[in-house]
Amino acid sequence: MNDERARTVSGERARAVSGEPRLVYVYAVVAPAPGLDGRLVGVRGVADAPVALLPEAATTGPAFLVSEVPAADWGEEALRHRFEDLGWLEDTARAHHRVVEVLAEHVNVLPLRLATLYQDRDRALEALSRRRDAFAARLALLAHHTEYGVKVYVAPEAEQDGAPAPPAGAPAPANPGRAYLQARRAQRHAREDRYRQAREVADRIAAAAARHATQAVRHPVQTGPLARGDDGENGASGASGATGENVLNDAYLVPDDRTDAFLAAMEEAGRDLPGIRVDVTGPWAPYSFAAPPPDDRGTPS
């Protein structure tokens, strides 16, 4: 054991001995699978806490993927303030996502929302037992399926609408005002053409998805930095850092044996439309299709 790991374990044991109140943080529901607990060796989650299964020897039904976190940092009042800290929120979301992705490579996973917490292990187990059948049904529905995101972007005016520069040495237009109005009219027509093309692409995507995907979710379009098409460490396959107005933001649940056909169809959907960009992101754990049954009992947040 290295020094850093030894210090971490010592700190955890000290907190356990001191009786510091702990909460149970739940990342996801997982389907039972041989050797699943071995996949969690060395995996750290939110607050750099170790990740484990609950119940620990899950072999016949769904299990929670959990960490124990300090109640002082993760109770209702603490989270109310922490959710206003964008840096903390981003770090926590990334840690949550990493845990889900580690397991999604090996087993069927039902991701839960960020900061799903129970006051103790008994209450978490009670919630798992109460919703076991619903969780099992949802896991079965998601088995052998993967989520992909499809986003459509309209190119900025600067990239498409600018009037062509006059040839070198060409005389100035006789009527600059009329030339300006003509240029503006051309820009407006070009913009209308791009949005018409975007609607055409959306129709193509919907038709292709109907052939290859089993479920679809339409998310709100993204604005600001989120609309650049850069999904960072999450591994998007789209154009990183590209600009444009996001006009479509869909998620599709695709059977694993239809993935190649789906991706080819999405690539074809945006072909020959220079003012439009189609970005496909994924593969993802099925966040958009998790939809666990609601349960507010026993959760501090």
Side-chain angles (χ1 to χ4, degrees), residues 1-2 4-33 35-58 61-83 85 87-129 131-132 135 139 233-234 285 287 290 292 295-301:
M1 181 181 297
N2 60 39
E4 182 179 356
R5 172 63 175 154
R7 286 194 296 271
T8 300
V9 172
S10 297
E12 290 166 357
R13 288 173 178 168
R15 285 192 292 269
V17 171
S18 68
E20 178 183 350
R22 314 285 284 175
L23 299 175
V24 176
Y25 184 107
V26 185
Y27 302 91
V29 184
V30 295
L36 187 56
D37 52 349
R39 303 286 186 186
L40 297 175
V41 174
V43 176
R44 316 289 293 191
V46 299
D48 198 36
V51 179
L53 291 174
L54 185 69
E56 296 177 358
F64 277 158
L65 196 61
V66 304
S67 290
E68 291 191 2
V69 294
D73 296 333
W74 292 86
E76 274 190 282
E77 187 62 30
L79 286 181
R80 189 173 295 113
H81 294 289
R82 287 193 160 200
F83 279 153
D85 182 344
W88 178 91
L89 193 59
E90 180 180 1
D91 289 345
T92 300
R94 288 181 183 274
H96 182 109
H97 175 72
R98 281 196 299 268
V99 171
V100 171
E101 289 297 300
V102 165
L103 269 293
E105 294 177 3
H106 308 288
V107 70
N108 199 15
V109 175
L110 182 66
L112 299 184
R113 63 179 174 83
L114 191 70
T116 296
L117 293 149
Y118 291 91
Q119 292 180 356
D120 52 42
R121 295 169 69 88
D122 288 341
R123 296 198 185 193
L125 285 170
E126 177 188 350
L128 178 63
S129 176
R131 297 188 287 168
R132 184 179 303 275
F135 282 142
L139 285 166
E233 72 170 19
N234 292 346
Y287 285 96
D295 178 44
D296 296 327
R297 288 178 289 178
T299 58
S301 70

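What you see is a predicted model; the values in this text were computed from it and never measured.
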Got a sec, which residues hit side-chain contact (heavy atoms from CB on, under 4.5 Å) with [X], two or more places apart in sequence or on another chain?
| X | answer |
| --- | --- |
| Asp37 | Leu53 |
| Val26 | Val24, Phe64, Val66, Leu112, Thr116, Tyr118 |
| Ala52 | none |

Original post:
Any Lys/Arg nitrogen of Glu77 or Arg80 sitting under 4.0 Å from an Asp/Glu carboxylate oxygen of the other?
Top reply: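 Yes, Glu77 and Arg80 are salt-bridged.
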Original post:
Where does the angle between the aromatic ring planes of Tyr25 and His96 fall among parallel (under 30°), tilted (30 to 60°) and perpendicular (over 60°)?
Top reply: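 Ring orientation of Tyr25 relative to His96: perpendicular.
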Subject >> Residues forming a salt bridge (charged side-chain N to carboxylate O under 4.0 Å, His left out) with Glu68, sequence neighbours excluded >> reply: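 Listed in chain order: Arg121.
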Subject >> By salt bridge (charged side-chain N to carboxylate O under 4.0 Å, His left out) - contacts of Glu105 (at least two apart) >> reply: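 Per chain and number, Glu105 pairs via salt bridge (charged side-chain N to carboxylate O under 4.0 Å, His left out) with no residue.
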Compare every heavy atom of [Y] with every heavy atom of [X], then report the nearest pair and how far apart it is.
| X | Y | result |
| --- | --- | --- |
| Leu36 | Leu103 | CD1-CD1, 3.2 Å |
| Val102 | His106 | O-CD2, 3.2 Å |
| Pro111 | Ala28 | CA-CB, 3.9 Å |
| Ala104 | Ala285 | CB-CB, 4.1 Å |
| Ala78 | Ala72 | CB-O, 3.4 Å |
| Pro62 | Arg132 | O-NH1, 3.5 Å |

Quick check for you: to the nearest 0.5 Å, what is the distance between [X] atom [atom1] and [Y] atom [atom2]?
| X | Y | atom1 | atom2 | result |
| --- | --- | --- | --- | --- |
| Thr92 | Arg94 | OG1 | CZ | 11.5 Å |
| Leu23 | Ser67 | CG | OG | 12.0 Å |
| Tyr287 | His97 | OH | NE2 | 5.0 Å |
| Glu90 | Asp85 | CD | CG | 10.5 Å |

Original post:
Quick one: does Val100's side chain get under 4.5 Å of Leu65's, heavy atoms only?
Top reply: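 Heavy-atom side-chain distance check fails, nothing below 4.5 Å.
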Original post:
Are any non-hydrogen side-chain atoms of Asp73 and Arg82 less than 4.5 angstrom apart?
Top reply: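 Heavy-atom side-chain distance check passes, below 4.5 Å.
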**OP:** Answer yes or no: is there a donor N or O on one side and an acceptor on the other, between the side chain of Asn108 and the main chain of Leu139, under 3.5 Å?
**Re:**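 Answer holds: yes.
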Subject >> Check against side chain to side chain contact (heavy atoms under 4.5 Å, CB included), Val109 and Tyr27 >> reply: CA-CA 10 Å; Val109 175; Tyr27 302 91; over 6 Å; no
**OP:** With side chain to side chain contact (heavy atoms under 4.5 Å, CB included) as the test, would you mind laying out the steps for Leu54 and Leu128 before giving the verdict?
**Re:** CA-CA 9 Å; Leu54 185 69; Leu128 178 63; 5.9 Å; no
